[in-house]
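One structure is given below, encoded as structure tokens.
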Amino acid sequence: MNNNMDSEQNAKIEQYTDRCVKCGMCLQSCPTYQKTLNEGESPRGRISLIQAMLSGELKNTSKLLSHLDSCLKCRACEDVCPSDVPYGAIIDAAHDHIESNYKRGLRYRIFRRIGLDLVKSPALLSAFYSIVRLYQRSGLHWLASRSIFVINTRFAQLNIALPTISKKVTWQTYYPPKNTHRGDVALFIGCIANTLDLNTLQSSVSVITKLGYGVHVPQNQVCCGALHQHNGAKKQAFALIKKNYQVFGQLKIDAIITTASGCGTVLAEGSTENAQLADGSQLADGSQLADGSQSADGSQKQQQDINDISLKIIDISTFLSGISWPKNISLRPLKKNVAVHDPCSLRRVWRQHDKPYTMLEKIPEINLVSLSHNDQCCGAAGSYMLTHPQMANSLRDDKIKSLEEQPFDFLATSNIGCALHFAAGLKEKHARVEVVHPVVLIDRQIKDF
Ligand code: SF4
Ligand code: SF4
């Protein structure tokens with residue numbers, strides 16, 4: 001980032017942080033503050049630290065960075081702030097500033113680089129999954145889980161948490177509707193979900209086509225950029241968002257459907273100021289974001305194209321609960337107890353956490369219960385569950401306790417990161433609760449017609 005862009009971005013962050021009147025109304029809703037009662041672990045404290053860092057009053061010490069790194073970016077603090085402080089944009093931009101101006105430790109830099117490069121490159125990710133799959137199928141995974149050398153180590157925890165890696169699936173570019181044709185949509189398959197949440201993606205195609213929509217699955221779509229955006233690589237995040245807007249912008253579709261709310265919100269926010277903070281240029285600078293071609297009437301038209309694409313991005317539950325269902329579709333009853341988890345991205349950013357309930361209520365005899373502590377982040381938070389396992393597990397286990405107290409059959413969540421985090425916790429506790437995406441339950445219950 002050049003100096004001009006840096007000072008422009010810093011001025012913007014300072015403008016945002018100045019909105020904070022230090023009233024402390026956000027403290028009660030901040031999970032890291034509630035767990036530690038440390039002001040440096042609160043939204044107000046972190047904003048003060050960012051202000052001091054930008055003014056040069058405080059140097060980027062490892063202590064200061066650890067307070068910023070331990071933020072979950074759950075944005076619960078935004079919900080209650082009377083001054084409308086855009087905390088999400090502030091913390092992402094602060095990380096971008098840190099990565100551009102401060103040299104982190106070697107271990108941190110290696111892991112960050114590997115993580116960000118992996119999700120960005122489908123070829124690298126696919127090679128990585130093949131190696132992990134071989135590790136699981138060769139018996140090494142089984143052996144490692146019983147080895148005295150790894151028991152009680154962090155590796156042992158990761159080994160237990162490791163989900164089964166499925167075989168790579170080749171997607172058709174278009175799935176025709178299986179009912180009277182009423183329109184076409186596109187499916188965002190993501191990077192991680194494309195292997196670790198195949199059931200959800202396949203169920204989505206199955207349900208949507210049965211409701212009369214054709215489903216495009218563009219082959220050249222890329223990672224949503226969420227990990228990059230939250231880890232101080234906003235330029236890379238912006239490039240990924242831009243690529244996806246170009247790919248989806250070429251299709252004649254009614255909606256772009258995402259099945260992981262964390263990815264969906266980052267993609268949808270691509271046209272907002274949050275993403276524009278990524279580089280000095282505005283999205284409407286003629287940088288060919290929307291369709292790869294320069295528009296004849298200039299940047300205004302281009303911004304309109306971008307907004308049109310952004311507005312089409314919709315979570316699968318919102319889509320399925322918002323359309324009318326054909327009369328020839330009916331669902332089998334499901335006499336089971338289902339705890340519904342509200343991911344922060346669906347609750348705080350999209351504000352549509354009621355939609356999975358509305359969709360699941362279509363299943364006769366289902367018993368839906370809102371998971372206890374739903375107003376608090378589960379701790380998954382992108383890569384947070386790997387970088388801050390203690391805090392992440394403590395937040396998750398608050399919720400898991402309630403699953404142990406009542407006989408639940410399913411835990412339904414709309415975000416792959418949260419699903420993996422819960423599945424690992426439940427596996428550790430040998431709990432027999434299946435973690436599913438709500439659309440998987442819908443797919444299972446739809447009667448053949
Ligand atoms: S509620 Fe808003 S204004 Fe008050 S301390 Fe928190 S961030 Fe600042
Ligand atoms: S984003 Fe979440 S963890 Fe971070 S300061 Fe706000 S409430 Fe606390």
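Atoms within each ligand, like the ligands themselves, are counted from 1 in listed order.
Protein heavy atom closest to atom 4 (Fe) of ligand 1, with residue, atom name and distance, is C23 SG, 2.3 Å. When hydrogens are left out, the protein atom nearest atom 3 (S) of ligand 1 is V21 N, 3.4 Å; that is the closest non-hydrogen contact.
Ranked by closest heavy atom to atom 6 (Fe) of ligand 1, the top entry among C26, C81, C20 is C26.
Using a 4.0 Å cut-off between heavy atoms, I47 contacts ligand 1 through its side chain alone, with no backbone atom that close.
No side-chain N or O of T200 forms a donor-acceptor pair with one of H437 less than 3.5 Å apart. In the model, T318 has no side-chain atom that pairs as donor or acceptor with a side-chain atom of D315 under 3.5 Å. Judged by distance alone, the side chains of K35 and S394 do bring a donor and an acceptor atom under 3.5 Å apart. Donor-acceptor pairing under 3.5 Å is recorded for the side chains of D342 and Y357. For N374 and H341, the side-chain atoms include no donor-acceptor pair closer than 3.5 Å.
Checked against a 6.0 Å centroid threshold, the rings of Y213 and F319 count as neighbours.
Heavy-atom minimum distance, L403 versus L426: CD1-CD2, 4.0 Å.
Every atom of ligand 1 with a heavy atom of S83 under 4.0 Å away is listed here by number and element: 3 (S). Within ligand 2, the atoms closer than 4.0 Å to a non-hydrogen atom of R46 are 3 (S), 4 (Fe), 5 (S), 8 (Fe), numbered from 1 in the order shown. Less than 4.0 angstrom separates some heavy atom of K22 from each of these atoms of ligand 1: 5 (S), 8 (Fe). Residue-ligand proximity, G24 to ligand 1, at heavy-atom distances under 4.0 Å covers atoms 4 (Fe), 5 (S).
Within the 4.0 Å heavy-atom cutoff, P82 counts among the residues contacting ligand 1.
In this structure a side-chain-to-backbone donor-acceptor pair under 3.5 Å is missing from N194 to I189.
For residues 253-262, every residue pair satisfying the side-chain hydrogen bond (donor to acceptor under 3.5 Å, both in side chains) rule, not counting sequence neighbours, is listed here: S261-S345.
With a 6.0 Å cutoff to the six-membered ring centre and a 45° limit on the axis angle, R19 does not count as a cation-pi contact of Y16.
Here 1 is the count of protein N, O or S atoms positioned under 2.8 Å from atom 2 (Fe) of ligand 2, waters not counted.
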